[in-house]
Amino acid sequence: MPELPEVETISRGLHKRVAGDVIESVWLGSKPEPLKSSAAEIAAALQAKTIIGVRRSGKHIVFDLAPARPGPKSNGAQPAQWIVHLGMTGSMQVCSPDSDRDKHTHAVVALASGRELRFVDPRRFGRLSVVENFAPPGTEPLQISSQNFGKIFRARKTPIKSALLNQKLLSGVGNIYADEALFRAKVRPRRRASSLTHAELALLHKGLKRVLQEAIRLGGSSISDYVDADGEEGFFQLKHRVYGREGKPCLVCKTPIKRVVIAGRSSHYCPKCQK
DNA sequence: ACTATTTCCTGGATGC
DNA sequence: TGCATCCAGGAAATAG
């Protein structure tokens, strides 16, 4: 499931491959559910645009676009960015038009270089849209100051785990890295966000940054099914310390890792190390 | 203004 | 072997 580090890795890979290329045509699947903008709107916004670059914002992939042939009839305020959210199982493939189309292909963008950029998403949680100026709802966890990090959690009664997953607060943190950051901070996921001490918040901030950076360094981690921008299967597996390790010994103290459900999400922690 | 719960979706795993 | 059921999870929608 693509979280911040995976989306970062994918965006970098896409940038390397398609920056500078020109979009010649756009095909969108028959079921429009994955579209936040209308199909016509997306097609119109992408057509005949140069991909200036590809980058990550939160869990979103941002394609920065510019008219391929800057002419006299510049159509005023046209959406200039293509936003892709991969949901859980979405992937972007850069491939030859000859290669077989995956059953769950929802969008195909033909490039002037002769290649195709495909959006594939079996579970359909992914979303496509076009906007003029994308603004993520929350703050980037790798950018936020420790002061602001403390501020956004101090007044929240919700469990710290839920607060970490709230994209309006921090952009890009998902279930895996929330659990991993809480383990590093020695804080249980059910603790109310407002109950964390300054010291715990500082540890959480540091732990979160470290685990995200480590995962980016490793090329993103992934448990299951998707293909990265290179078309290679899966990602380098980050050594998760608690996520997915229910019943297995804590790597620090050997106590069996516990799993509980918080806000519908499985949450893993060491009952001895985390308070 | 918050917070908690439900919903979407499909493939893989599990159980009888 | 085959069929039914459960489960995973991001975020929008809904309810409290």
Is any side-chain nitrogen or oxygen of [X] closer than 4.0 Å to OP1 or OP2 of [N]?
X        : N      : answer
A:Arg124 : C:dG10 : no
A:Arg123 : B:dC8  : no
A:Lys59  : C:dA11 : yes
A:His104 : B:dC9  : no

Taking atom [atom2] of [N] as reference, at what distance in whole Å does atom [atom1] of [X] sit?
X        : N      : atom1 : atom2 : result
A:Asn166 : C:dA12 : CG    : P     : 10 Å
A:Glu246 : C:dC7  : CD    : P     : 12 Å
A:Leu169 : C:dA11 : CG    : P     : 12 Å
A:Glu3   : C:dA11 : CD    : C1'   : 13 Å
A:Leu164 : B:dT3  : CG    : P     : 14 Å
A:Arg259 : C:dC7  : CZ    : P     : 8 Å
A:Asp121 : B:dG11 : CG    : P     : 11 Å
A:Lys161 : C:dA11 : NZ    : C1'   : 15 Å

**Request:** Check the pair A:Phe149, A:Thr139 against side chain to side chain contact (heavy atoms under 4.5 Å, CB included), reporting the backbone distance first and the verdict last.
**Result:** CA-CA 9 Å; A:Phe149 187 88; A:Thr139 313; over 6 Å; no
**Message:** Under a 3.5 Å cutoff, is there a donor and acceptor pairing between the side chains of A:Arg156 and A:Thr158?
**Reply:** no
**Request:** Compute whether any side-chain donor of one residue and acceptor of the other, for A:Asp179 and A:His268, lie under 3.5 angstrom apart.
**Result:** yes
**Asked** Taking it one step at a time, do A:Met92 and A:Phe63 satisfy side chain to side chain contact (heavy atoms under 4.5 Å, CB included)?
**Response** CA-CA 12 Å; A:Met92 296 294 293; A:Phe63 290 80; 3.9 Å; yes
**Request:** Compare the aromatic ring of A:Phe125 with the six-membered base ring of C:dG10 and state whether they stack according to the 5.5 Å and 30° rule.
**Result:**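 It does: the two rings, one from A:Phe125 and one from C:dG10, meet the stacking criterion.
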**Asked** With A:Glu200, which of A:Lys186, A:Lys275, A:Arg154, A:Arg191 fulfils salt bridge (charged side-chain N to carboxylate O under 4.0 Å, His left out)?
**Response**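 It is A:Arg191; the other options fail the test.
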**Prompt:** Is the backbone N or O of A:Gly126 less than 3.5 Å from a side-chain atom of A:Asp121, with the two atoms forming a donor-acceptor pair by type?
**Reply:**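 Side chain of A:Asp121 to backbone of A:Gly126: a pair is present.
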**Prompt:** Counting N and O atoms only, with roles assigned by atom type, does the side chain of A:Arg245 sit under 3.5 Å from a partner on the main chain of A:Pro249, one being a donor and the other an acceptor?
**Reply:**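 Yes, the answer is positive, given that a donor and an acceptor are paired below the 3.5 Å cut-off.
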So which protein N/O to nucleotides 4-6 of chain B N/O distances come out below 3.5 Å?
from  : atom 1 : to       : atom 2 : distance (Å)
B:dA4 : OP2    : A:Thr158 : OG1    : 2.7

**Message:** I want to verify a distance call: between B:dC9, C:dG10, B:dG11, whose nearest atom is closest to the A:His85 side chain?
**Reply:**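 Selected nucleotide (nearest to the side chain): C:dG10.
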**Request:** Check every strand shown and say whether A:Lys168 touches a base, only sugar-phosphate, or nothing at a heavy-atom separation below 4.0 Å.
**Result:** nothing
**Message:** Could you check whether the side chain of A:Arg127 and the base of C:dA11 have a donor-acceptor pair of N or O atoms closer than 3.5 Å, going by distance alone?
**Reply:**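 Checked by distance alone, the answer is no.
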